[in-house]
Amino acid sequence: MSNCVIVGINWGDEGKGRMVDLLTEDYDVVVRYQGGGNAGHTVINGKGKFALHLLPSGIFRDGVVNILGNGVALDPENLWSEIRELRCKGVEVTPDNLKISHRASLLLPWHRELDELEESRLADRKYGSTKQGIAPFYSDKYQKKTVLAGELFYPEKLRAHLRELLEWKNLTLTGVYGAEPCTEEALESWLRDACDPILPFICDTGAVLREARDTRKSILFEAQLGALRDLDYGIYPYTTSSNTLAAYAPIGAGLPSLRMDRVIGVVKAYSTCVGEGPFVGELSGREAEKLREAGAEYGAKTGRARRVAPIDLVATRYGVEVQGATEIALTKLDVLSYMDRIPVSVRYRIRGEETDVFPFPDELEDAEAVIETLEGWTCDISGVRRWEDLPEAARRYVEYIEEAIGCPITYISVGPERDSIICRNARR
Ligand code: GDP
């Protein structure tokens with residue numbers, strides 16, 4: 001049995017989805033343990049091209065049990081439309097291959113609206129929320145003002161609970177934001193249209209995981225976003241509202257005592273970032289355009305153009321440390337093939353002083369990237385499948401990063417397709 005967690009080392013969008021899709025072949029259970037439908041994995045496989053928002057990427061593999069753990073922001077509306085979309089494209093989603101924790105909290109109808117209202121109030125001081133209601137959801141979860149998925153099995157008690165929450169939340173909607181109140185009728189239709197359909201998937205996923213452990217099944221945990229967006233360890237307040245770290249996986253999944261055997265950190269061969277906040281070494285103009293185009297860097301959920309920069313070794317080393325990565329998957333190496341010389345952000349300069357330590361968030365605003373350039377390979381590498389067949393300059397680029405971040409790079413991805421991968425001493 002081996003348990004493995006796949007996490008982002010940077011700002012998210014590193015290509016975790018394609019790594020999970022590749023590795024699910026070796027796992028019996030795949031679990032999402034935090035976050036919600038605010039980001040998206042893009043997966044391309046024999047069944048087509050898919051943008052997954054909440055469903056675990058193991059959903060495409062026959063025989064894999066997929067779990068949405070208690071740590072996720074369970075948005076019944078979005079989940080149900082995602083399930084329907086997959087079914088339309090011929091992917092089977094049944095209570096046998098999808099199980100939702102009865103301890104997962106529900107994202108309620110007003111969370112998305114509150115997100116929008118707060119972002120408009122902030123105007124040009126906004127955090128860059130995807131307006132999926134994630135921040136209001138997690139705030140309410142910690143205030144104990146939301147509903148557990150398992151409560152859907154107790155309709156009478158649930159209605160009384162929802163009425164209480166409605167009364168409380170309308171004080172904010174109308175009093176703070178001057179918006180329309182939410183109504184009991186709106187809640188009723190939400191229960192009928194969004195919650196009833198997902199009822200058959202809800203169960204005690206802790207028990208499913210315990211049984212998987214006891215019968216020596218292998219479990220794969222899949223994170224959303226990356227280390228620099230972790231609520232506690234990321235670039236606060238430009239973080240997400242949940243913990244994106246590997247250490248949180250057993251807690252958010254439903255089996256807190258579980259140990260991880262492998263932590264695969266996914267690093268992109270250059271940097272991208274969605275939303276606001278400091279982004280050291282950010283490229284602009286023609287240079288940015290070219291990289292963005294080459295990497296098709298537009299958000300899976302929002303279509304927003306991503307900000308781009310050279311790979312940031314200071315931030316990446318920090319990400320590797322806080323994730324406790326045991327190995328690295330380096331993705332999108334093929335995207336850099338057009339560059340004669342490849343810029344790498346090797347250190348930060350903060351008010352004239354150079355450092356290779358990732359600083360406190362406030363200091364980041366003043367950090368500039370110290371750039372070195374490495375030789376490019378300027379040829380198509382997307383068909384390469386063996387390490388020794390990569391051009392020497394590409395190997396040197398990988399080895400340079402590996403040395404700088406102090407963690408073995410065991411996978412190198414050279415295309416979005418499932419088999420566009422070079423396994424280098426990986427335990428596959
Ligand atoms: P995730 O949220 O970490 O899974 O990342 P995203 O799905 O948002 O972004 C990764 C994007 O890059 C997706 O569109 C993938 O299909 C694509 N992708 C992943 N790996 C590679 C790669 O090695 N090369 C290229 N060209 N595209 C890749």
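Remember, it's 1-based here, ligands and their atoms both numbered in the order they're listed.
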Do the ring planes of Tyr33 and Phe221 sit parallel (below 30°), tilted (30 to 60°) or perpendicular (above 60°)?
-> perpendicular
Heavy atoms only, cut-off 4.0 Å: how does [X] contact ligand 1, side chain, backbone, both, or neither?
X	answer
Asp334	side chain
Arg306	side chain
Lys332	both

For [X], atoms of ligand 1 separated by under 4.0 Å from a heavy atom:
X	value
Arg18	19 (C), 20 (N)
Ser413	20 (N), 21 (C), 22 (C), 23 (O)
Val335	26 (N)

Pair Thr239-Asp230, side-chain donor/acceptor within less than 3.5 Å | no
Which pair of heavy atoms, one from Ser271 and one from Pro310, lies closest together, and at what distance?
-> OG-O, 2.7 Å
Check Ala253 against Asn70 and note the closest heavy-atom contact, atom names and distance.
-> C-OD1, 3.5 Å
Could you tell me whether a side-chain N or O of Gln323 sits under 3.5 Å from a main-chain N or O of Gly8, the two making a donor and an acceptor?
-> yes
Could you say whether the N/O atoms of Leu333 and ligand 1 ever approach to under 3.5 Å?
-> no
Report the residue from Gln132, Arg112, His111 that forms a side chain to side chain donor-acceptor pair (under 3.5 Å) with Asp75.
-> Arg112
Would Gly12 count as a contact of ligand 1 if the rule is a heavy atom under 4.0 Å away?
-> no
